[in-house]
Amino acid sequence: MRIFRILIAKPGLDGHDRGAKVVAHALRDAGFEVIYTGLRQTPEQIVRTAVQEDVDLIGLSILSGAHLQLSKKVIELLKKEGIEDVPVFVGGIIPQDDVPQLLQVGVKKVFGPGTPLSEIVQEVKSILQEGVTKTGGA
Amino acid sequence: MEHKTLAKLITQIENNPEVAPQILQQFPEHQSKVIGFTGSPGVGKSSLIDRVIRYIRTRDLSVAVVAIDPSSPFTRGAFLGDRIRMREHFVDDNVFIRSMASRGALGGLCDAIFDVVKLLEVSGFDYVLVETVGIGQSEIEISHLVDVTVLVLSPGFGDEVQMLKAGVMEIADLYVVNKSDLPESDTVYSQLLAFLALAGKSEQQLCKASTHANNGVREVVEKIERLWESFYADGTIERRRKRRTRYHAEHIVRKIVEQAMNTVQENATNPYEFVKLALSRLCENHLRGGQGGGI
């Protein structure tokens with residue numbers, strides 16, 4: 001039986017992971033296996049974790065303002081490791097104006113402050129479902 | 001093996017244990033030193049493993065870690081947070097860390113663990129470290145899986161009466177008092193020393209460590225190695241591996257029986273009739289060549 005595995009990671013230097021924990025907990029309660037990397041991870045550490053844990057989805061929590069650079073780097077490294085098919089979503093303090101740019105570098109979805117957890121869970125489910133349909137369930 | 005390939009194979013085995021025999025037979029036999037770490041939640045198993053990896057890596061040996069955390073019995077979800085403690089090894093090509101959820105298995109392990117450990121062994125790692133779910137007093141299954149069992153304890157464990165209780169206190173080859181920087185650790189240490197004498201075990205099976213102060217880890221690894229060498233020399237490892245095969249087989253049989261029981265309609269009026277129906281269903285399946293496997 002397949003249970004989806006989600007990596008929740010905090011790249012960069014900001015030291016607040018309450019948001020990441022709240023989202024990880026909600027996803028756990030929604031029946032996912034959530035791997036949490038903890039604070040202050042480099043994009044390299046996150047992508048290597050994604051490889052070893054064979055995750056179906058990556059969520060990045062970024063409050064530092066470096067979301068463009070960090071997300072771009074993570075997506076580049078995913079390509080380098082040959083796992084660019086793993087979708088990435090970003091949550092945190094993201095100015096509305098930056099959202100189009102994030103989507104353009106390959107981020108699947110952006111969740112700003114105040115997004116209801118039910119909406120995050122719903123979106124996560126639909127992103128994963130999309131992946132299953134595309135790969136025929138593999 | 002590339003980490004990506006290995007990771008995908010583990011997922012396949014985890015989601016569909018029947019594929020395990022086909023996957024495993026593709027690789028030449030290789031035996032790793034398989035070491036289990038168990039103990040209550042929060043005693044510092046993951047942090048100790050982190051330091052153990054660091055020490056093993058100074059000698060340029062490769063390490064795989066499987067860290068198990070519990071699945072929710074209500075939602076099947078899990079929060080896998082062991083690798084947080086091992087972050088300095090994430091980008092090391094000779095360290096492979098995999099978090100696994102218990103997925104309903106009891107005893108501190110998960111159903112796929114036997115095949116996953118086997119896969120990591122044939123992948124050629126020098127060491128395979130298994131971290132159980134944080135456990136209580138009776139979870140001894142880890143000792144059926146590994147070559148050497150390490151029980152991690154910490155101050156606040158309780159008095160010597162706790163040590164006399166049967167179960168997990170009996171299975172350890174090495175007792176580690178972690179958090180030895182905390183004041184109460186000396187008491188636990190001397191109580192354990194007395195316990196070991198009483199249980200007919202050796203002082204060599206006890207050590208203290210502080211992952212916080214980075215003390216004692218070298219001794220932990222050296223004692224594990226000495227135990228492994230002596231178990232290898234006196235045939236203990238071979239016996240334990242035979243026992244592991246038997247337990248793995250038992251797991252598979254139990255799963256097959258469970259599947260057969262699920263196919264029995266609930267209109268059986270008493271348990272004996274239920275058993276009869278389940279066994280006949282089992283024989284039918286078996287005759288049809290459904291061997292089951294994996295798990």
Side-chain angles (χ1 to χ4, degrees), chain A residues 1-11 17 20-56 59 74 77-86 117 121 124-125 128 132 135 137-138, chain B residues 1-18 46-47 50 63-104 110-112 116 120 123 295:
Chain A
M1 182 191 50
R2 179 171 184 179
I3 299 178
F4 287 106
R5 294 161 62 84
I6 302 175
L7 176 65
I8 296 293
K10 273 207 64 77
D17 64 347
K21 284 174 182 158
V22 167
V23 170
H25 188 264
L27 292 172
R28 188 207 80 179
D29 279 350
F32 297 106
E33 289 180 359
V34 183
I35 294 122
Y36 181 54
T37 63
L39 288 166
R40 298 189 192 91
Q41 297 288 292
T42 63
E44 285 80 4
Q45 286 174 309
I46 291 168
V47 172
R48 292 305 294 273
T49 295
V51 169
Q52 294 179 3
E53 299 286 357
D54 190 23
V55 293
D56 303 291
V74 166
L77 289 169
L78 289 174
K79 280 195 189 118
K80 202 174 136 209
E81 296 277 354
I83 55 164
E84 66 272 21
D85 54 326
V86 180
L117 288 171
V121 169
V124 159
K125 282 183 180 165
L128 289 168
V132 170
T135 58
Chain B
M1 200 187 314
E2 249 188 62
H3 282 182
K4 185 182 154 192
T5 314
L6 182 55
K8 297 253 176 231
L9 290 177
I10 292 177
T11 306
Q12 280 184 36
I13 289 176
E14 196 178 24
N15 289 339
N16 188 14
E18 284 79 18
S46 308
S47 303
D50 170 67
V63 195
V65 179
V66 188
I68 308 168
D69 268 327
S71 294
S72 164
F74 309 108
T75 67
R76 297 186 308 183
F79 184 93
L80 309 175
D82 287 329
R83 69 181 292 139
I84 294 182
R85 322 286 173 196
M86 309 172 198
R87 58 181 85 184
E88 77 173 71
H89 310 290
F90 289 179
V91 292
D92 184 339
D93 283 334
N94 288 301
V95 179
F96 179 91
I97 304 166
R98 179 66 173 233
S99 315
M100 292 182 82
S102 62
R103 297 200 179 177
C110 56
D111 279 338
V116 169
L120 293 168
S123 304
I295 305 177

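Values below: every heavy atom of this structure, side chains too, minus hydrogens, waters and symmetry copies. Per chain, numbering begins at 1; letters A, B, ... match sequence-line order.
- Between B:Ile10 atom CD1 and A:Gln52 atom CD the span is 9.0 Å, to the nearest 0.5 Å.
- Residues B:Lys4 and A:Gly82 approach most closely at NZ-O, 3.1 Å, considering heavy atoms.
- Listed options A:Glu44, A:Glu53, A:His25 were ranked by heavy-atom pairs under 4.5 angstrom with chain B; first place goes to A:Glu53.
- The CZ atom of B:Phe79 sits 9.0 Å away from atom CD1 of A:Ile8, with the distance rounded to the nearest 0.5 Å.
- Applying a 4.5 Å heavy-atom cutoff, the residues of residues 86-99 of chain B that approach chain A are B:Arg87, B:Phe90, B:Val91, B:Asp92, B:Asp93, B:Val95, B:Phe96, B:Ile97, B:Arg98, B:Ser99.
- Most heavy-atom pairs under 4.5 Å with chain B: of the set A:Leu27, A:Leu39, A:Ile83, this distinction falls to A:Leu39.
- Note: B:Asn15 CG to A:Asp54 CG = 9.0 Å, rounded to the nearest 0.5 Å.
- In this structure, A:Thr37 and B:Arg83 have side chains that are not in contact, with every pair of non-hydrogen atoms separated by 4.5 Å or more.
- When A:Ala50, A:Ala30, A:Gly38, A:Ala24 are compared by the number of non-hydrogen pairs under 4.5 Å with chain B, A:Gly38 comes out ahead.
- Taking the side chain as every heavy atom from C-beta outward, B:Met100 and A:Glu33 never approach each other to under 4.5 Å.
- With a threshold of 4.5 angstrom between heavy atoms, B:Arg103 approaches chain A through side-chain atoms but not through N, CA, C or O.
- Residue A:Tyr36 touches chain B through both its backbone and its side chain, counting heavy-atom pairs closer than 4.5 Å.
- Taking 4.5 Å as the limit, some side-chain heavy atom of A:Arg5 sits within range of a side-chain heavy atom of B:Leu80.
- Going from atom CD1 of B:Ile84 over to atom CG of A:Asp17 covers 8.0 Å, rounded to the nearest 0.5 Å.
- In B:Lys8, the NZ atom is crowded: over 12 heavy atoms of neighbouring residues, nucleotides or ligands sit closer than 6.0 Å.
- Of all residues in residues 67-76 of chain B, those placing a non-hydrogen atom less than 4.5 angstrom from a non-hydrogen atom of chain A are B:Ser71, B:Thr75, B:Arg76.
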Quiz item: Given the rule in the side chain to side chain contact (heavy atoms under 4.5 Å, CB included) test, do B:His3 and A:Glu81 qualify, once you have shown the distances and angles that lead to the verdict?
Solution: CA-CA 10 Å; B:His3 282 182; A:Glu81 296 277 354; over 6 Å; no
